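Below is one structure, written out as C-alpha cells, with a few remarks after it.
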Amino acid sequence: MEIVFRAIVIYFFLWVVTRAVGRAALGELSTFQLLLYVTMGDLVQQAITQQDYSVTAGILAVGTFAVLTVVLSFLKFRIPKIRPLIDPKPLLIIKDGKLIQDSLRSELMTLDDLMEAAREGGIRRFADVELAVLEDDGKISFFQRNGGGKSGAPERPAAT
C-alpha cells in the first residue's frame, strides 16, 4: 500500500512540475530536456518503489498513475470550474497582427520561438495574423486574415 501512496505523491509532484515549466516549453523538447525527463523518470521510479523491482510494485505504480489520470479527466468533465486548475486555458499571444507581450512574458516564450512556430505554420508576416493562440498542449494555432501576405519569414515587430 505504501507504493500507492508514494505514486500519488509523485504523480502530483510531476503534475506541478510540468505546469511550472510552462506549456510553451513542453511543446517541443530540446535534447537536454529530453535527457532530463528520461533521467527524472528513472528517479521517480526509485522514489515510488524504493528499489522494489517486483512485478507487483510496477503494476501498482503504473496502475496508480493510470487511475489518477482517469480520475482527473473525469473531474474535468464533471466539474467545469476545476478545468483551469488541471489544464491551462488557451492564451492569446497575437491579436490583429500585434504581439501581446504580457502573454509571451507569462509563458517565458521568446520572440524567436514565436517566429519559428510561425514559419512552421506557413506564416510570412505577423501583420497577416488575426489571432494566434498558445494552446494548452504548447502548440500555437494561427488564424490568418483573408488574403494574407508577402513572401519571406515573419518580421521582428517592434515591442508594444
Side-chain angles (χ1 to χ4, degrees), residues 7-45 47-48 61-62 64-160:
I8 290 170
V9 169
I10 296 297
Y11 180 89
F12 284 107
F13 172 73
L14 290 174
W15 177 76
V16 168
V17 166
T18 56
R19 286 294 303 266
V21 166
R23 57 193 143 166
L26 293 175
E28 188 174 319
L29 299 177
S30 69
T31 304
F32 173 75
Q33 290 167 325
L34 179 62
L35 291 174
L36 177 65
Y37 288 131
V38 169
T39 303
M40 191 167 50
D42 187 49
L43 295 173
V44 164
Q45 177 272 326
I48 292 172
V62 171
T64 301
F65 270 51
V67 167
L68 288 171
T69 301
V70 170
V71 166
L72 285 177
S73 293
F74 178 76
L75 289 174
K76 285 190 314 188
F77 176 73
R78 298 292 287 171
I79 308 170
K81 289 183 179 182
I82 69 166
R83 286 182 194 154
L85 297 174
I86 297 173
D87 291 326
K89 289 183 178 181
L91 183 66
L92 194 61
I93 55 178
I94 297 177
K95 183 173 183 178
D96 295 324
K98 300 206 186 309
L99 295 176
I100 301 174
Q101 293 291 338
D102 290 340
S103 296
L104 293 174
R105 256 190 301 277
S106 73
E107 292 297 322
L108 302 176
M109 177 181 275
T110 67
L111 182 57
D112 291 334
D113 293 336
L114 183 58
M115 290 173 66
E116 179 182 347
R119 287 190 301 272
E120 289 173 356
I123 305 299
R124 295 180 175 162
R125 299 175 343 129
F126 286 134
D128 298 333
V129 176
E130 184 176 350
L131 296 173
V133 179
L134 179 60
E135 304 293 351
D136 62 357
D137 64 355
K139 305 256 188 294
I140 301 173
S141 299
F142 291 96
F143 300 92
Q144 287 186 276
R145 302 175 201 277
N146 290 336
K150 301 175 184 171
S151 63
E155 78 283 3
R156 185 178 291 268
T160 55

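Hydrogens, waters and symmetry mates play no part in the numbers below; they use all other heavy atoms, side chains included. Since we're looking at a predicted model, the values are computed, not measured.
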With rounding to the nearest 0.5 Å, note down the distance linking CG in Leu99 to CG in Leu114.
6.0 Å

How far does CZ of Arg125 sit from CD of Gln144, to the nearest 0.5 angstrom?
10.5 Å

For Glu135 and Ser141, the nearest pair of non-hydrogen atoms, with its separation, is OE2-OG, 2.8 Å

Which residues pass the side chain to side chain contact (heavy atoms under 4.5 Å, CB included) test with Phe77, sequence neighbours left out?
none

Decide side-chain contact (heavy atoms from CB on, under 4.5 Å) for Ser103 and Ile94; before the verdict, give the C-alpha distance in whole Å, the side-chain angles of both, and the deciding distance to 0.1 Å.
CA-CA 9 Å; Ser103 296; Ile94 297 177; over 6 Å; no

Over all atoms of both residues, closest heavy-atom pair of Val133 and Pro90:
CG1-CB, 3.5 Å

Going by side-chain hydrogen bond (donor to acceptor under 3.5 Å, both in side chains), name the residues that satisfy it together with Ser73, two or more places apart in sequence or in a different chain.
none

Measure across Gly97 and Arg145 and return the closest heavy-atom pair with its distance rounded to 0.1 Å.
N-NH2, 3.3 Å

Hits for side chain to side chain contact (heavy atoms under 4.5 Å, CB included) against Leu131, two or more places apart or cross-chain, chain-then-number order -> Leu92, Lys95, Phe143

Any side-chain heavy-atom pair of Ile100 and Ile93 under 4.5 Å
no

Partners passing side-chain hydrogen bond (donor to acceptor under 3.5 Å, both in side chains) against Thr110 (at least two apart in sequence or in another chain):
Asp113

Set out, in order, the CA-CA distance, both residues' side-chain angles and the distance that settles side-chain contact (heavy atoms from CB on, under 4.5 Å) for Tyr11 and Leu72, then state yes or no.
CA-CA 11 Å; Tyr11 180 89; Leu72 285 177; 3.5 Å; yes

Report the residues that fulfil side chain to side chain contact (heavy atoms under 4.5 Å, CB included) with Thr64, sequence neighbours left out, ordered by chain and then residue number.
Val4, Ala7, Ile8, Leu68

Answer whether the closest heavy-atom distance between the side chains of Ile140 and Met109 falls below 4.5 Å.
yes

Using the ring pair (Phe, Tyr, Trp, His ring centres under 6.0 Å) criterion, which residues pair with Phe142? Sequence neighbours excluded.
none

Please report the interatomic distance NZ(Lys98) to CZ(Phe126), rounded to the nearest 0.5 Å.
13.0 Å

Nearest 0.5 Å please: distance from the NZ atom of Lys139 over to the CG atom of Leu134.
10.5 Å

With sequence neighbours excluded, residues passing side chain to side chain contact (heavy atoms under 4.5 Å, CB included) with Val70
none

Residues two or more places apart in sequence or in another chain: which of them pass side-chain hydrogen bond (donor to acceptor under 3.5 Å, both in side chains) with Lys76?
Asp87

